[in-house]
Structure formats: structure tokens, C-alpha cells
Amino acid sequence: MLRMIIVDDEEIVRESLRTLIDWNAYGIEIAAVCKNVLEVYDAIIDDYPDIILTDIQMPGYSGLKLIEQLQQDQSRIEFIILSGYDDFAYAREAMKYGIRHYLLKPCNNDELIAAIQDVSRACYERQPEKIPAHPSRSFIKHALEYIDAHFTDSNLTLKKLADTELFLSVNYVSKQFQKDTGMKFSAYLNMRRMEQAKMLLSRVDEELCIYEIAEMVGCGNNPQYFSQLFKKYTGYTPKQYRNLQLSAGGNANC
């Protein structure tokens, strides 16, 4: 089964896409249904999708921006855009990123299924040989140590950890990680990154720019996502947090 994430800021659209088609009949498992970019990135880290079906416009973030960012991170994900904008400029931008399917809302089921089957073939053609699972009682400790040492890697995902470091089934690692730590992989990874960000923002002797901190904690060159994640974690924007930590007049200008 291939894993797909559905992204749309409208609940009725998300649920319609999730329920109106028997995805199992086409070899597709719906791994997550997301309404904003924070949910998307957590789902990518945890649910290792093969396909993302995304709206082109979401509050504060566009589907094209999401695709651009993930391609920079070398994510091997197939994308299908579902848009209410019949605008050639959007379609041309999508083509620049190698997106083969730009569907207009409302699209019929046959059109969507044809697009899914096309990108599914591309996914199957590049799937690596499956690595057999050999569970070890110490692998969660190894996983935590690896995350602590590599959380600054913007490409770190549960699938990457399971496939290249633990050599275990990603589903098994996912379930055991949450059972043993009480947290999803993405929650632990984000916590580790945001604690590091808090430390960097508190430095009085070296006032780093927000985009620099985003890169240093594994959020790539995506300061917008970093700021949203930091506010979700702390209740403050990075600049607000810095102002709380530094003395008056010591605020950074970047």
C-alpha cells in the first residue's frame, strides 16, 4: 500500500476527499488529513507519505511553497495539486516543480483516480528493496541517541531513521517509539529542536538572525515554518521570546 496525505484548509473538502473514494481499492492508505502546514510537516515526519494531494492555497502558506520546500529537502514525494484557481500562472509554476497533475475543483472521481494511478506507478518504480525487520530491545534508546545527535538534519524523518539506521519496519518503530516514550516521533523531534532554538535565542553575546536559527535547528531555510512551530511550542514568536530573554535595548534587528 502507498501512503497518501490530503491537505486542504476546508474541512468539508478534506473529508470529501478522504471518504468519497475507496482508496484501498487503488492501493492507497490515507496516512493523514491535514489543514495547515504545521500538521503537514508533522505528518511527513511521522507518516512517511508517498503521495501528497494538496490544495494550492492555505492560510499563510501555499501548496506550491510546500512543494518547493520539500523538493529542496530532497523528499521523494509525488504531488497532485487540487485547486480552485483556473490560472495558467499557477499551472506553469507547478510544472516548474515537475508536477504532472494540476486538477481544478470540483474534479470528478475518474479524473482524480487517473492522476493517483499515474503517480502511483512512479512511486512503485523507485521503491527500494524492503529491509527485513529484526527487532532489538535496545533500539528505542539508539533511536533517541540518534535524534539527539542529528536533530539539526532537516531531512530527518521516522522513515529515514528506520530504514538507514535501525534497519527495522517503519510501522514497528512508529508504534514502539510512541509506546516507550509517550510521544510521536515528530513531537519528540520538534521538542528537541525548539529547546535548542530557545537556547540560541537566549544568547546575549551572539544575536543570531531568525533564519540562521531555523537552519541551525533543522528547519532548513524555512523561517516561516520555524516561527509557526516555535509559537506553537512556546506561545511566543521567536522575536517575542528573544525580547523576554534579553535586556532592554539588546534586541536583534533581523
Side-chain angles (χ1 to χ4, degrees), residues 1-128 130 155 157-159 170-171 186 222 224-225 228:
M1 296 285 282
L2 296 175
R3 299 169 65 80
M4 183 169 75
I5 291 176
I6 295 171
V7 187
D8 199 292
D9 62 312
E10 296 184 56
E11 182 177 6
I12 189 170
V13 175
R14 294 193 303 271
E15 289 307 305
S16 296
L17 289 170
R18 184 177 67 85
T19 60
L20 291 181
I21 294 175
D22 180 8
W23 293 109
N24 286 338
Y26 298 96
I28 301 293
E29 174 189 353
I30 303 301
V33 179
C34 305
K35 65 178 180 294
N36 58 45
V37 69
L38 289 179
E39 291 186 359
V40 173
Y41 275 102
D42 282 352
I44 289 169
I45 291 171
D46 283 322
D47 297 312
Y48 42 95
D50 301 288
I51 302 166
I52 294 181
L53 173 62
T54 182
D55 189 9
I56 202 168
Q57 288 290 357
M58 295 175 283
Y61 218 85
S62 74
L64 290 175
K65 179 66 175 177
L66 173 68
I67 292 167
E68 177 187 15
Q69 188 64 49
L70 291 174
Q71 288 188 345
Q72 287 177 355
D73 293 341
Q74 299 180 340
S75 300
R76 303 188 70 183
I77 298 172
E78 290 289 332
F79 295 91
I80 297 173
I81 289 178
L82 188 60
S83 174
Y85 294 86
D86 187 6
D87 189 327
F88 179 70
Y90 283 112
R92 181 174 57 189
E93 188 76 5
M95 291 169 62
K96 184 177 78 174
Y97 297 119
I99 309 304
R100 296 193 299 270
H101 297 281
Y102 184 100
L103 308 181
L104 295 178
K105 297 178 182 177
C107 69
N108 61 58
N109 286 4
D110 290 342
E111 187 178 14
L112 180 55
I113 289 168
I116 291 292
Q117 290 177 323
D118 181 50
V119 297
S120 293
R121 284 190 289 271
C123 291
Y124 283 123
E125 286 173 0
R126 66 165 180 259
Q127 277 191 343
K130 297 296 183 181
N155 295 318
T157 64
L158 181 64
K159 181 172 176 59
V170 66
N171 287 321
S186 63
N222 194 344
Q224 182 181 3
Y225 165 67
Q228 292 177 3

- Just jot down the side chain to side chain donor-acceptor pair (under 3.5 Å) partners of Gln117, sequence neighbours excluded, or say none. none
- Item | Glu39 to Cys34 - nearest heavy-atom pair and separation | OE1-CA, 3.3 Å
- Does the side chain of Glu78 come within less than 4.5 Å of His101's, by heavy atoms? no
- Task: With rounding to the nearest 0.5 Å, note down the distance linking CZ in Arg14 to CD1 in Ile6.
- Result: 10.0 Å
- Message: What's the separation between atom CD1 in Ile28 and atom CD1 in Ile116, rounded to the nearest 0.5 Å?
- Response: 5.5 Å
- Query: Looking at Ile77, Val170, Ile5, Thr157, which hits side chain to side chain contact (heavy atoms under 4.5 Å, CB included) with Tyr48?
  - Reply: Val170
- Message: Ignoring hydrogens, what is the shortest heavy-atom contact between Leu104 and Tyr102? Give both atom names and the distance.
- Response: CD2-CE2, 3.8 Å
- Heavy-atom closest pair, residues Arg18 and Ile30: CG-CG2, 4.3 Å
- Distance, nearest 0.5 Å, that separates CD1 of Ile45 from NZ of Lys159: 15.0 Å
- Do Leu2 and Val119 come within less than 4.5 Å of each other through their side chains, counting heavy atoms only? no
- Checking side chain to side chain contact (heavy atoms under 4.5 Å, CB included) for the pair Val40/Thr54: CA distance, chi angles, key distance, verdict? CA-CA 10 Å; Val40 173; Thr54 182; over 6 Å; no
- How long is the span from the CD1 atom in Ile56 to the CD1 atom in Ile67, to the nearest 0.5 Å? 7.5 Å
- Near Ile12 CD1, under 6.0 Å, is it more than 12 heavy atoms from other residues, nucleotides or ligands? no
- Message: Quick check: do Lys105 and Asp55 have side-chain heavy atoms less than 4.5 Å from each other?
- Response: yes
- Query: Is there a donor-acceptor contact under 3.5 Å from the side chain of Asp42 to the main chain of Ser186?
  - Reply: no
- Can you tell me if Asp47 uses its side chain to pair, donor with acceptor, with the backbone of Pro49 under 3.5 Å? no
- Task: Please test Leu82 against Leu17 for side chain to side chain contact (heavy atoms under 4.5 Å, CB included), starting from the C-alpha separation and ending with a verdict.
- Result: CA-CA 10 Å; Leu82 188 60; Leu17 289 170; 3.7 Å; yes
- Note on the structure: For Met4 and Leu53, the nearest pair of non-hydrogen atoms, with its separation, is SD-CB, 4.2 Å
- Please identify each residue that fulfils side chain to side chain donor-acceptor pair (under 3.5 Å) with Arg3, with sequence neighbours left out. Glu29
